[in-house]
Number of protein chains: 4
Amino acid sequence: MGKLESNKKKKEDALYNTAFELFTTKGTNKTTISDIVEKAGVAKGTFYLYFKDKYDIRNKLASSKTQDLFFVAYLAVRQNQITGFPAQLHFMIDHILNALKNDSQLLIFVSKNLSWNVFQAALEQKMPDRDVRFYDKYLQLIEEGHQAYEHPDLLLFSVIELASSTCYNCILYQQPVPLEEYMPYLHRAIDGILSSYKKDSSVCSS
Amino acid sequence: MGKLESNKKKKEDALYNTAFELFTTKGTNKTTISDIVEKAGVAKGTFYLYFKDKYDIRNKLASSKTQDLFFVAYLAVRQNQITGFPAQLHFMIDHILNALKNDSQLLIFVSKNLSWNVFQAALEQKMPDRDVRFYDKYLQLIEEGHQAYEHPDLLLFSVIELASSTCYNCILYQQPVPLEEYMPYLHRAIDGILSSYKKDSSVCSS
Amino acid sequence: MGKLESNKKKKEDALYNTAFELFTTKGTNKTTISDIVEKAGVAKGTFYLYFKDKYDIRNKLASSKTQDLFFVAYLAVRQNQITGFPAQLHFMIDHILNALKNDSQLLIFVSKNLSWNVFQAALEQKMPDRDVRFYDKYLQLIEEGHQAYEHPDLLLFSVIELASSTCYNCILYQQPVPLEEYMPYLHRAIDGILSSYKKDSSVCSS
Amino acid sequence: MGKLESNKKKKEDALYNTAFELFTTKGTNKTTISDIVEKAGVAKGTFYLYFKDKYDIRNKLASSKTQDLFFVAYLAVRQNQITGFPAQLHFMIDHILNALKNDSQLLIFVSKNLSWNVFQAALEQKMPDRDVRFYDKYLQLIEEGHQAYEHPDLLLFSVIELASSTCYNCILYQQPVPLEEYMPYLHRAIDGILSSYKKDSSVCSS
DNA sequence: AATGAATGAGGTTTCATTCAT
DNA sequence: TATGAATGAAACCTCATTCAT
């Protein structure tokens, strides 16, 4: 990578990092583009070389932060050699929720900005610097198991959405209960969803 | 009520109604005070006679819309002569979700703006025009039953939050499943929460 | 007129006058809205209470300045008791060209901005503060004469356009000849146009 | 011409062509240098190797387009073996107006940008690729005739300016009349101008 | 209580120009 | 020559808020 190119990357990264910090600190509404560029140490025009407007960088950040959460969870599954798709899914959920529990700014940012569109983009785009799509890895996990599922995309979304929306209050406000107390109920619900997405394999019951 | 006083009320109501319509239509962010007063047909200065700023009317609206939902649900319980607190609670949840299902603008508005603070205010303030507090009615329902509960406030919040957050996607995106399919799971979860808030009455287990 | 209303009018007028001065001095392109409001001594926002953007005030000015030229010429016809439509038209042309000759800034401004659309608007709108339409007065002049003309609107436009476009260089650059030398040729051309618009009145001559 | 040199020429030409297209399509004001270089497929910096700014290329284009019009008209005079200076001049005018009639974008561009300065430059500079000056050819035509004229430069300008300014509306708006109807009047006016520039050769009247 | 013209800080966005590569 | 990322001044425009009426 040439000097010029790496310098370019550095500017873009500075914008990403600064924007994320300000969005989580002051909120997206109260963060101005002037704030971002000033703190990032680049000129105002530079912002517009990389992003259309504030919401563009916001969406890209939400998407990338979501990707990160998922990919790191996936790597943990592999590193801990968890086997069997349901167990792997439960493990990833725990992993993600744990990460969010320890970073409530991230939780707020991701929750408030995770619309269905952004979420889909996050799963189906190639991860920057990694050349892998989380979604491919996820399908691979299912294939490695013995059980087939319908609509693996919807299955995944349902589980994640259920988990994140119910845990938002548990983590931030300890309401209705602290996260720890809620977890067992969550995992039971996840099992329920998993069953409902199972493909009728030959013989047996649902 | 004098003519002048009713005229005053009319202005305030016009502001409330118009603001709600614009907030749900264009979003709170993109709605300006100019938009509101213009559409409401009052002068700009008038807005500031009733509200501090945009977020003031937003919060008051969220609170009042939430109150309405709850109070109407409560009235329905009485009209249908439902007996027994758990049954009454389930009935109210169904009633509220049904209302939200048929008014997704309201769902979005209430969900995006229902912070814990606003929620509390909604329950503990006197309802305009009615001179009743929903929360008193709610406590009364519990007392009429035979079972005592700890933290009736948290119990209520937990149930509502669980319901609204999980149903947000069901209603708006039919994800992970349409509302109808999700309802049985929801009601089972509510039963679980109810149990966990039961006060140790004499005999039984925790 | 109330104090408030007259004050309002004063601001708008200040904007008009300042804008005209800057447009004619620096050119429309190089005049910014900041320039205008600063020189006019009003706040930036005030500009947008009265005008959409720079081109809005430019068009309104071009239109109003054109109206003025025409109306003053018309008044001169009446004051000098000129009779007969052709003579009246020639007189007005002379009057207008004379005015432009002595105010080349106005000549430049009007010429560069007098598009067909703006021109039409100028003639058919009521004059501010006067409650008269120049165009009505013009039609009245024709009716008072004995000769009918087809398309009096086009007739008027043709004459004016011919005069202003050919005289632009005469006045500004003395090219191809100074205005004085050109005037006889111009009046001859105007007579030609007049003939070509005459309505065939029963019998007679061309 | 070397490959490198021809490549250089290609860039400059691309800039010229693109700029002309954009100027006539969107107007000079709304065309940015970014627009030009992007559409021309060259880098931004490259623009500044050839032109000082937007108005530089605008003027050069106006000049060169004017040159083209005149030179092509001159060639047509030669090809059609028109003899006698007045006839040659009328022929060239017709030729130019005809060209403009069929390319109203060009008409607008040339009219709006043909200031006296640019015009002079157009006539007195060597034509690119041709190594001839139109103005020399024009003087040659006069010399070949029997009649001498004062200020042949002003004569030429006067005729052209008269023609282009009066015909602008005829062509673009068919106002006051379509070009065809106006042409006879124009040619009579040109004859008048010609007379007024004649040098007193011995005997006759002015 | 009601008005709405005026404000002007503060945001967004553009774009001509430079300069290291 | 050619590039195009970076710049930042300078334009545009919005809108919450005030205040004289």
Side-chain angles (χ1 to χ4, degrees), chain A residues 2-12 15 29-38 41-55, chain B residues 4-5 7-12 30-38 41-56, chain C residues 2-12 15 29-38 41-55, chain D residues 4-5 7-12 30-38 41-56:
Chain A
K3 197 176 189 176
L4 200 146
E5 202 172 342
S6 84
N7 191 45
K8 183 178 161 186
K9 185 79 194 142
K10 213 155 52 180
K11 300 257 174 198
E12 196 181 355
L15 286 171
N29 267 335
K30 291 189 181 157
T31 300
T32 70
I33 289 171
S34 294
D35 291 341
I36 298 171
V37 294
E38 192 180 340
V42 304
K44 232 184 235 166
T46 306
F47 181 91
Y48 292 94
L49 292 178
Y50 297 104
F51 309 103
K52 201 183 141 290
D53 55 25
K54 193 168 69 175
Y55 301 99
Chain B
L4 203 146
E5 200 175 346
N7 191 46
K8 178 181 159 189
K9 185 75 195 145
K10 216 155 50 179
K11 302 246 177 206
E12 195 181 353
K30 289 187 182 160
T31 299
T32 69
I33 290 175
S34 293
D35 290 341
I36 298 171
V37 295
E38 191 181 342
V42 305
K44 248 202 209 136
T46 306
F47 182 91
Y48 292 93
L49 296 177
Y50 298 103
F51 309 102
K52 197 184 147 291
D53 58 23
K54 190 168 71 175
Y55 300 101
D56 185 25
Chain C
K3 196 175 188 178
L4 200 146
E5 202 172 343
S6 84
N7 191 44
K8 182 179 162 186
K9 185 77 193 144
K10 214 155 53 181
K11 300 257 174 198
E12 196 181 354
L15 287 171
N29 267 336
K30 289 190 182 158
T31 300
T32 70
I33 289 171
S34 294
D35 290 340
I36 298 171
V37 294
E38 193 180 340
V42 304
K44 228 183 242 163
T46 306
F47 180 91
Y48 293 95
L49 291 178
Y50 297 103
F51 311 103
K52 202 183 141 289
D53 55 25
K54 194 168 69 175
Y55 300 101
Chain D
L4 202 144
E5 200 174 345
N7 192 44
K8 177 182 158 187
K9 185 78 194 143
K10 215 155 49 179
K11 302 246 177 206
E12 195 181 354
K30 290 189 181 157
T31 299
T32 68
I33 290 174
S34 293
D35 290 341
I36 298 171
V37 295
E38 192 181 342
V42 306
K44 245 197 210 143
T46 306
F47 181 92
Y48 292 92
L49 296 177
Y50 297 104
F51 309 102
K52 195 182 148 291
D53 55 25
K54 191 168 69 176
Y55 300 100
D56 185 26

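The model shown is predicted, which means the values in this text are computed figures rather than measured ones. We name chains A, B, ... by the order of the sequence lines, and we start the count at 1 in each one.
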- Query: Nearest-Å distance, NZ (C:K54) to C1' (F:dC12)?
  - Reply: 10 Å
Collect all protein-nucleotide pairs involving nucleotides 7-10 of chain F in which both atoms are nitrogen or oxygen and the distance is under 3.5 Å.
from  : atom 1 : to    : atom 2 : distance (Å)
F:dT7 : OP1    : A:K11 : NZ     : 3.0
F:dT7 : OP2    : A:A43 : N      : 3.2
F:dT7 : OP2    : A:T46 : OG1    : 2.6
F:dG8 : N7     : A:G45 : N      : 3.2

- Message: Measure CD/C:E12 against P/E:dG4 and give the value in whole Å, please.
- Response: 17 Å
- Checking all strands, does A:F51 fall into the base, sugar-phosphate, or nothing category for heavy-atom contacts under 4.0 angstrom? nothing
- Item | Between P of F:dA5 and CG of A:L15, the distance in whole Å | 14 Å
- Is the closest side-chain heavy-atom distance between C:F47 and C:L15 below 4.5 Å? yes
- Message: Classify D:Y55 by what it touches in the nucleic acid, base, sugar-phosphate, or nothing, heavy-atom distance under 4.0 Å.
- Response: nothing
- Contacts of D:K52 meeting side chain to side chain contact (heavy atoms under 4.5 Å, CB included) (sequence neighbours excluded), chain-then-number -> D:D56
- Note on the structure: C:K52 NZ to F:dT14 C1', in whole Å, measures 14 Å
- Could you tell me which residues satisfy side chain to side chain contact (heavy atoms under 4.5 Å, CB included) with B:D35, sequence neighbours excluded, listed by chain and number? B:L22, B:K26, B:T31, B:T32
- Task: Measure from CG on A:N29 to C1' on F:dA16 and round the result to the nearest Å.
- Result: 15 Å
- Item | Donor-acceptor side-chain pairing of B:K11 and B:T46 below 3.5 angstrom | no
- Message: Both D:K30 and C:Y50 contact DNA chain E. Taking the nearest nucleotide for each, which residue is further toward the 5' end?
- Response: C:Y50
- Provide, to the nearest angstrom, the distance between the CD1 atom belonging to C:I36 and the P atom belonging to F:dA11. 12 Å
- A:Y48 vs D:T31, nearer the 5' end of DNA chain E by closest nucleotide: A:Y48
- Query: What is the bend of the helix from E:dA2-F:dT21 to E:dT21-F:dA2 when you compare the axis at one end with the axis at the other, using five pairs each and rounding to 10°?
  - Reply: 0°
- Item | Residues that C:Y48 engages under side chain to side chain contact (heavy atoms under 4.5 Å, CB included), provided they are two or more places apart | C:I33
- Send over the distance from B:D35 CG to F:dT14 C1', rounded to a whole Å. 11 Å
- Item | Length of the line joining D:I33:CD1 and F:dT3:P, which is rounded to integer Å | 16 Å
